[in-house]
Amino acid sequence: MIFYDQKYDIIVVGAGHAGCEAALAAARMGCKVLLMAIDLDKIAAMPCSPSIGGMAKGQLVKEIDALGGEMAKIADKTAIQYRTLNTKKGPAVRSSRTQNDKIRYHIAMKSVIEKQDGLTLKQAMVDNLVLENGQVVGVEDQTGFGYQAKNVILATGTFLCGLVHIGFKSFKAGRAGEFASYGLPAHLKDIGFKLGRMKTGTPPRLKKGSIDFSQFTRQDSESDPTPFSFFSDKIEMPQMPSYMGYTDSNVHKIVRSNLHLSALHGGIIKGVAARYCPSFEDKIVRFPDRDRHHIILEPEGLDTDEIYASGLGNSLPMDIQVKFIRSVKGLEEAEIIRPAYAIEYDYVNPVQLKATLETKLVSGLFMSGQINGTSGYEEAAAQGMWAGINAACRTQGRPPFILDRSQAFMGVMIDDLVTRGTKEPYRMFTSRAEYRLMLREDNADLRLMKKGHELGLIDDNTLKDIKSRKEEIEKEIKRIKGIVVKPEKKTNDYLVSRGTKPVNNGIYLDQLLKRAELDYNTVETLAKSKHTLDSKITRQVEIEIKYEGYIKRQFQEIDKFKSLEKMKIPNNIDYNIVHGLSNELKSKLTKIRPVSLGQASRIDGITPAAISVLMIAIKK
């Protein structure tokens, strides 16, 4: 094999959201990186919903941003609508979401990558890894040409044995109109990786001028949106509305009578579909009692007529798609620009990975994104950054980068994947995070920017600002807790005007702030601070005081969690000779090889009795 004359520290295969974050993180840490893609005109493409964030996903994006990643910055540069989800619920589950101009998103990310020092782009399809004694040393492309590197990150998305389905018509593609990769998955199987099969899909794109929007409810962007990134000063893109609507029983009847023609229900698709984002025909089967389903019509950009028909994804033949979509009120004349389709692809069960996302089978080989069985741009980007940082750490001889479940949503996701694996597309939810009150969107910078600085991804001035803000928060909490409000008439009249009860005795200001009817600005009026505080500071003060009892309880739970995490399991332990474990548990422990009792406790089927047995075995 002939090798390119340039040697790299890290090669990233795939330039989707995972590959972009991986390559940028590693290059910014000082590594020489090669980013390879089948089509450089599809860098950071948005093949499904042109949006960033959403429930739990917004937390991931904020964490990427706090560590020095790019996704949130690009989202702000290209956002055409901003929404904050779950505003009526507590701060632990609130999430940001943007609707984005998908072409501008791709162009903006490609520009950042092209300008990044230490990062090189090449268009090529990788067919094989080059291995020496169980260590990756490079890759071989489709032409037989080689590229050398100490580490390789596979971020291949849905391209491994990608197969697109529209009814019973199927064709090989990584996404509609793009080549699939068949050489690399075959090679991965040959060297011993266990691959599975998954299915995802995308709804149709409709021509804007063919839609009667009067039949839908308009939803505008927030009037005063907050930028997604901690580093964005303002929002400059024009904002566009989306439109909400519903299907009805007539639509359902058409789909139900044609289920036998669906690739999903006609027996063509073998991959496992996502439970949490079902296709339309899947909704009809799984929820037969529902007489309507939600539809959202979202613009794909400022300069295009394409409308993303969220909620109408399916794998039906084109003629049936036309028929059932035109039976939706407001879509009677709808023109389908791009049909909906389902896609099957190979993935590697992530129990074959270490917590760094390096594979257990091949040293120096990392995997991130949908190859690990996840779904969503945000989950992919978070894994990409994690893998890129760890590949850089490995190159530079630094300790691995690991965030545990009490530190970040991405720590929860990685732990879930490598400990439990997944047999269906994995999606992040706030409910997966036990300590979600501590892992909010609004404090991601306070939690993680110091770690980003240690990695070289966050500059000194930003860290200085974070330290200063933390000090201001602590000072203001202390000040509020030390102020007593007396039961004067003026004070009580003010409290009543704000919808809360008057006070009969002196009361500390923080106790007033804990009342549901009051916020920081309301109570601060009773005892003005000498300094005008930034809203970022006052927001944290309010949350810390209002949820003080819950936060203390979570800290206690985290202490218990940490105690199990600190109890490390020797890597060379032979589970087969540990008495008191069932054969099933011995097999699982041998396969996953948990690094601590904490990780072991999260393996499916592990009981408290089994943890006790392991604790004794470790001591012996």
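- Counted by atom type alone, Asn349 and Thr422 present zero donor-acceptor pairs between their side chains at under 3.5 Å.
- Rounding to the nearest 0.5 Å places CD1 of Ile166 at 13.5 Å from CD1 of Ile320.
- Judged by the 6.0 Å and 45° rule, Arg432 forms no cation-pi pair with Phe409.
- Without hydrogens or angle criteria, Glu358 side chain to Gly364 main chain gives a donor-acceptor distance under 3.5 Å.
- Between Lys102 and Glu300, at least one side-chain N (NZ, or NE/NH1/NH2) sits under 4.0 Å from a carboxylate O, which counts as a salt bridge.
- Under the 3.5 Å distance criterion, the side-chain polar atoms of Glu379 are matched with a main-chain donor or acceptor of Met428.
- The residue from Val362, Thr359, Leu131, Leu365 that alone fulfils the side-chain contact (heavy atoms from CB on, under 4.5 Å) condition with Val152 is Leu365.
- When every heavy atom of Gln123 is checked against every heavy atom of Ile38, the shortest pair comes out as CG-O, 3.2 Å.
- Between Tyr308 and Pro50 the shortest side-chain heavy-atom distance falls below 4.5 Å.
- Side chain of Gln396 to main chain of Met29: a donor-acceptor pair is present (N/O by atom type, distance under 3.5 Å, no hydrogens or angles).
- Summarising the geometry, atom CH2 belonging to Trp386 is positioned 14.0 Å from atom CD1 belonging to Ile153; distances are rounded to the nearest 0.5 Å.
- Atoms CZ and CD1, from Phe280 and Ile325 in turn, are 9.5 Å apart once rounded to the nearest 0.5 Å.
- Arg602 places no side-chain N or O within donor-acceptor distance of the main-chain N or O of Arg420, the cut-off being under 3.5 Å.
- By the 6.0 Å and 45° rule, Lys172 does not stack over the aromatic ring of Phe179.
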Before giving the answer on side-chain contact (heavy atoms from CB on, under 4.5 Å), spell out for Ile569 and Arg593 the whole-Å C-alpha distance, their side-chain angles and the decisive distance to 0.1 Å.
CA-CA 9 Å; Ile569 300 176; Arg593 304 215 69 82; over 6 Å; no
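- Just one of Gln383, Gln59, Glu63 meets the side-chain contact (heavy atoms from CB on, under 4.5 Å) condition when paired with Met410; it is Glu63.
- Under the 3.5 Å distance criterion, the side-chain polar atoms of Tyr575 are left unmatched by any main-chain donor or acceptor of Lys588.
- In summary, Arg28 and Glu70 engage in a salt bridge, as defined by a charged side-chain N under 4.0 Å from a carboxylate O.
- Distance check: Ile254 CD1 to Asn258 CG gives 8.0 Å after rounding to the nearest 0.5 Å.
- Across all their heavy atoms, Lys62 and Ser96 have their closest contact at CE-OG, 4.1 Å.
- Looking at Ser242 and Gln99, their side chains never bring a donor and an acceptor atom within 3.5 Å of each other.
- Taking the six-membered ring wherever Trp is involved, the centroid distance between the rings of Tyr345 and Tyr347 does not fall below 6.0 Å.
- One side chain, Arg205 or Thr202, offers a donor N or O that lies under 3.5 Å from an acceptor on the other.
- Looking at Glu306 and Lys207, no side-chain N of the basic residue comes within less than 4.0 Å of a carboxylate O on the acidic one, giving no salt bridge.
- Other residues, nucleotides and ligands place no more than 12 heavy atoms under 6.0 Å from the CE atom of Met55.
- Residue Lys73 qualifies as enclosed at atom NZ: its count of foreign heavy atoms under 6.0 Å is above 12.
- Closest non-hydrogen pair, Ala27 versus Val33, comes out as N-CG2, 3.6 Å.
- No side-chain donor-acceptor contact under 3.5 Å links Thr158 and Arg175.
- In this structure, the separation between CG on Asn100 and CD on Glu298 is 10.5 Å, given to the nearest 0.5 Å.
- Salt bridge Glu424/Arg275: present, at least one basic N to carboxylate O contact under 4.0 Å.
- Distance alone, capped at 3.5 Å, is enough to place a donor-acceptor pair between the Ser95 side chain and the Ala56 backbone.
- Residues Gly301 and Asp101 come closest through the heavy atom pair CA-OD2, 3.4 Å.
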Does Met125 form a side-chain contact (heavy atoms from CB on, under 4.5 Å) with Asp127? I'd like the steps, not just the answer.
CA-CA 6 Å; Met125 181 184 289; Asp127 269 358; 4.2 Å; yes
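- The closest donor-acceptor contact from the side chain of Gln116 to the backbone of Val112 lies at 3.5 Å or more, if one exists at all.
- Counting heavy atoms from C-beta on, the side chains of Ile10 and Leu34 never come closer than 4.5 Å.
- Remark: the backbone N or O of Gly144 is paired with a side-chain donor or acceptor of Asp141 at under 3.5 angstrom.
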Please report the C-alpha distance between Met71 and Tyr105 in whole Å, then the side-chain angles of each, then the deciding distance to 0.1 Å, and finally whether the side-chain contact (heavy atoms from CB on, under 4.5 Å) criterion is met.
CA-CA 9 Å; Met71 178 171 263; Tyr105 190 99; 3.5 Å; yes
Derivation of the side-chain contact (heavy atoms from CB on, under 4.5 Å) call for Phe145 and Phe3
CA-CA 6 Å; Phe145 195 64; Phe3 283 98; over 6 Å; no
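- A side-chain hydrogen bond (donor to acceptor under 3.5 Å, both in side chains) with His165 is found for one member of Ser315, Ser262, Ser170 and no other, namely Ser170.
- The number of heavy-atom neighbours closer than 6.0 Å to NZ of Lys586, taken from other residues, nucleotides and ligands shown, is above 12.
- In this structure, the side chains of Lys150 and Lys32 stay at 4.5 Å or more apart for every pair of heavy atoms.
- Within 6.0 Å of atom NZ in Lys208, 12 or fewer heavy atoms from other residues, nucleotides or ligands are found, so the atom counts as exposed in its surroundings.
- Closest non-hydrogen pair, Ala75 versus Thr98, comes out as CB-OG1, 4.0 Å.
- Remark: side-chain polar atoms of Lys360 are paired, donor with acceptor, to backbone N or O of Val351 under 3.5 angstrom.
- For Phe193 and His187, the distance between ring centers is not under 6.0 angstrom.
- Using a 4.5 Å heavy-atom threshold, the side chains of Leu361 and Gln352 count as separate.
- Residues Thr374 and Asn372 have side chains that never bring a donor and an acceptor to within less than 3.5 angstrom of each other.
- Between Tyr4 and Tyr8, the angle of the ring planes stays under 30°, which puts this pair in the parallel group of the 30/60° scheme.
- Side-chain atoms of Ser582 and Glu584 form no donor-acceptor pair, as typed in the model, at a separation below 3.5 Å.
- Between Cys393 and Thr395, the closest side-chain pair of non-hydrogen atoms is not below 4.5 Å.
- At distances below 3.5 Å, not a single donor-acceptor pair connects side-chain atoms of Glu140 with backbone N or O atoms of Asn128.
- Cation-pi geometry between Lys253 and Phe324 is not met: the NZ or CZ atom fails to fall both under 6.0 Å from the ring centre and inside 45° of the normal.
- In this structure, Pro185 and Leu195 have side chains that are in contact, with non-hydrogen atoms separated by less than 4.5 Å.
- Taking 4.5 Å as the limit, every side-chain heavy atom of Lys283 sits out of range of all side-chain heavy atoms of His252.
- Asn583 has its side chain out of reach of Ser587: every pair of non-hydrogen atoms, C-beta onward, lies at least 4.5 Å apart.
- Residues Ala387 and Ser368 share a closest heavy-atom pair of CB-CB, 4.1 Å.
- His265 contributes atom NE2, which lies 9.0 Å from atom CG of Leu316 (distance to the nearest 0.5 angstrom).
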